[in-house]
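Below: the structure, in structure tokens.
Numbering of ligands and ligand atoms starts at 1, following listing order.
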Amino acid sequence: MLALQGDFREHIAALHAIGATACEVRTAAQLADVDALILPGGESTTIARLLIAFELLEPLRARLAAGLPAWGTCAGAILLARRVPGLDRPPIGVLDVTVDRNAFGRQLDSFEAELDVAGIAGGPVRAVFIRAPVIREPGPGVEVLARLADGRIVACRQGRVLATAFHPELTDDRRMHAAFVALADAALAAEGSAA
Ligand code: GLN
């Protein structure tokens, strides 16, 4: 769990609730030790700065290029994207999408919606949006997982990288965390059999 800023504690609690092991990552040595990484919601400009200050940006890019499973929620999704208009530091850039920050304006600063998410069985997910981004221009390798009723993309996946504009860690529904842990387990198993 990337723990530089934002709501990483809520993610860790969600992971513990489903029996997964989770630890806080703030150094390159800690990053080298994990099998998957969640990037939390928070303030993307702050986290982008801290990634550089903590000398994590390049090690993180290297691990992602080598296939580290990752999931970014909200600010975390912004950081994973390749194109982020208005972000004053380079994003990590592994996800071939454009992400517009604070896409819902003042009136809709935060809201909730019932979302059908591809791959999540058992009915819609209650999605909490807080000063949320939207995802645009998905590249050919990107699978759209969820859209709002108006068609805007709010969840997607490219290989082992997952992004949601909303915050599953802020509800009691653990299906998204379970899906990410399953993705990470599958990646580990694939690497184990390749070795
Ligand atoms: N608006 C925030 C940003 O641009 C993201 C909000 C969030 O993570 N809830 O970083």
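Using a 4.0 Å cut-off to heavy atoms of Ser44, the atoms of ligand 1 that qualify are 3 (C), 4 (O), 10 (O). Counting the atoms of ligand 1 from 1 in the order shown, those under 4.0 Å from a heavy atom of Gly41 are 8 (O). Near Gly42, with a cut-off below 4.0 Å to any heavy atom, the atoms of ligand 1 are 2 (C), 5 (C), 6 (C), 7 (C), 8 (O), 10 (O). Applying the 4.0 Å criterion to heavy atoms of Ile78 picks out, from ligand 1, the atoms 3 (C), 4 (O), 10 (O).
By the rule that hydrophobic residues join a cluster once side-chain heavy atoms approach within less than 4.5 Å of another member, Leu57 and Phe54 end up as members of one cluster. When the side chains of ILVMFWY residues are joined at heavy-atom separations under 4.5 Å, either directly or via intervening members, Val117 and Ile38 end up in a single hydrophobic cluster.
With a heavy-atom cut-off of 4.0 Å, Thr73 does not touch ligand 1 at all. Residue Arg131 touches ligand 1 through backbone and side chain together, judged by heavy-atom distances below 4.0 Å.
In this structure, the protein non-hydrogen atom closest to atom 1 (N) of ligand 1 is Asn102 OD1, 2.6 Å. The single protein non-hydrogen atom nearest to atom 7 (C) of ligand 1 is Cys74 SG, 2.7 Å, given as residue, atom name and distance.
Using a cutoff of 4.0 Å between basic side-chain nitrogens and carboxylate oxygens, Arg174 and Glu169 are not scored as salt-bridged.
Shown here for Gly41 and His167, the closest heavy-atom pair between the two residues is CA-CE1, 3.7 Å. For the residue pair Ala121 and Arg175, the shortest heavy atom distance occurs at O-NH1, 2.8 Å.
Residue Ala75 places at least one N or O, backbone or side chain, under 3.5 Å from an N or O of ligand 1.
Using modelled atom types, one finds a donor on one side chain and an acceptor on the other under 3.5 Å when comparing Arg101 with Ser44. Side-chain polar atoms of His11 and Thr73 form a donor-acceptor pair below 3.5 angstrom.
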